[in-house]
Visitor: 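Let me begin by handing over the structure; questions about it come next.
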There are 2 protein chains.
Amino acid sequence: MDVKFNNRDPVYVQVIRHFKEQIAKGYYVAGQEIPSRRELANQLKINPNTAQRAYKEMEEQQLIYTEGNLPSCITKDEKVLKNVREELIIEAVDLFVGSIQSINVPLSEVLELVKKTHDAKSGETEESK
Amino acid sequence: MDVKFNNRDPVYVQVIRHFKEQIAKGYYVAGQEIPSRRELANQLKINPNTAQRAYKEMEEQQLIYTEGNLPSCITKDEKVLKNVREELIIEAVDLFVGSIQSINVPLSEVLELVKKTHDAKSGETEESK
DNA sequence: ATTTGTGTATTAAGGTCTTAATACACATTA
DNA sequence: TAATGTGTATTAAGACCTTAATACACAAAT
């Protein structure tokens, strides 16, 4: 468990995104326990309060749930879980298309670059095996 | 001149991005005058200090220049201007590819969605003519 | 000369984000 | 019973962003 933080977005937002990515990849399944606030804070080297803030919002988004003072768990609502992946994809596509169109670049002109970049980055991750 | 602001990024950052998009689209050319700090603030309904902050950073990035107390102008360095467009494109592509890969979605699986979204959004802008 | 419009600078206040230091209730474990 | 680990909550401080209210030097226009 390690997360690469950027300096633009609030840490608690990036933590939420991290969990969404894990869910989208199937690394977290329905009902699975997640680290405690304090443990997550240790792992990511952030403040426990920031971890708590992320968890609190994930709870409001129905992504996780907490019963009493047991460790929080990933939601058992499969519909919600499936939605996470789809929303991340739609978000990425919308952002990309919006960026390209805001500078009047024809899609056909960048598709090749997308493929090239994708292959190059895939190469990177393969090499680290 | 109108800019759609989001609530995530600092306003001065979004202002800089707006100018970069205008340059990338060729709406601003080398040496062209840009609105004064106060005028821009009026147009975008932001604080003059925020406009000043954006201009100050664009100056540090060599995007604009100011002589004495004349209105600031777009840089005459064509190399810088050309770079703006390329960097915006690379940034958009990298962000998109990174997002897709962080959730293990094969590129082939989203290319169709990209095209569909692109066409749909083009339709929107066409209709507003 | 006065007014207006540049760029530039300073100070103050309020909001958000983050860290920090605690505190409490509850359940499990030693 | 005492210690530990949960979730939850409060208060305080500092950093950054934004707005606000001014102020000053300079140049052009009236």
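Chain letters run A, B, ... following the sequence lines, proteins first and then strands; every chain starts at 1.
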Visitor: Can you name the residues that form a side chain to side chain contact (heavy atoms under 4.5 Å, CB included) with A:K76, not counting sequence neighbours?
Guide: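 Per chain and number, A:K76 pairs via side chain to side chain contact (heavy atoms under 4.5 Å, CB included) with A:Y65.
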
Visitor: If you compare every side-chain N and O of B:S36 against the phosphate oxygens of C:dG5 (OP1, OP2), does one of them come in below 4.0 Å?
Guide: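 Looking at the OP1 and OP2 atoms of C:dG5, neither is under 4.0 Å from any side-chain N or O of B:S36.
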
Visitor: Starting from the 5' end of DNA chain D, give me the residue, A:R38 or B:Y12, whose nearest nucleotide shows up first.
Guide: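 Per heavy-atom nearest nucleotide, the more 5' residue is A:R38.
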
Visitor: What is the distance, rounded to the nearest whole Å, between atom CG of B:N42 and atom C1' of C:dT6?
Guide: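 Going from CG in B:N42 over to C1' in C:dT6 covers 14 Å.
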
Visitor: Once you round it to whole Å, what is the distance between P of C:dC17 and CD1 of A:I16?
Guide: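 The answer, rounded to whole Å, is 11 Å.
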
Visitor: Ring centroid separation for B:Y55 and B:F19, is it under 6.0 angstrom?
Guide: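 Centroid distance B:Y55-B:F19: below 6.0 Å, so yes.
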
Visitor: Who pairs with B:Q61 by side chain to side chain donor-acceptor pair (under 3.5 Å), at least two apart in sequence or on another chain?
Guide: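 With sequence neighbours excluded, B:Q61 shows a side chain to side chain donor-acceptor pair (under 3.5 Å) to B:K20, given in chain and number order.
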
Visitor: May I have the distance from B:E33 (atom CD) to C:dG5 (atom C1'), rounded to whole angstrom?
Guide: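 One finds 12 Å between C1' of C:dG5 and CD of B:E33, rounded.
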
Visitor: What pairs with A:S72 under side chain to side chain donor-acceptor pair (under 3.5 Å), at least two apart in sequence or on another chain?
Guide: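 Side chain to side chain donor-acceptor pair (under 3.5 Å) list for A:S72, sorted by chain: A:R37, A:T66.
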
Visitor: Between C1' on D:dC17 and CG on B:N7, what's the gap in Å once rounded to a whole number?
Guide: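 To the nearest whole Å, that distance equals 13 Å.
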
Visitor: Determine which pairs satisfy salt bridge (charged side-chain N to carboxylate O under 4.0 Å, His left out) with at least one residue from residues 82-103 of chain B, sequence neighbours left out, and list them in order.
Guide: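 Listed once each, the pairs are A:E109-B:R85, B:R17-B:E91.
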
Visitor: In whole angstrom, what separates A:L40's CG from D:dT6's C1'?
Guide: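 In whole Å, D:dT6 C1' and A:L40 CG are 14 Å from each other.
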
Visitor: How many Å lie between CG on B:D9 and P on C:dC17, as a whole number?
Guide: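 Going from B:D9 (CG) to C:dC17 (P), I get 13 Å.
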
Visitor: Of all of residues 46-71 of chain A, which get a heavy atom below 4.0 angstrom from DNA chain C, listed by number?
Guide: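 Those residues whose heavy atoms fall under 4.0 Å from DNA chain C, taken from residues 46-71 of chain A in numerical order, are A:N47, A:N49, A:T50, A:R53, A:N69.
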
Visitor: Expressed in angstrom and rounded to an integer, what is the separation of A:R8 atom CZ from C:dC17 atom P?
Guide: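 To the nearest whole Å, that distance equals 16 Å.
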
Visitor: Restricting to side chain to side chain contact (heavy atoms under 4.5 Å, CB included), what partner residues turn up for A:L95, sequence neighbours left out?
Guide: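 If we apply the side chain to side chain contact (heavy atoms under 4.5 Å, CB included) test to A:L95, skipping adjacent residues, the hits are B:L95.
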
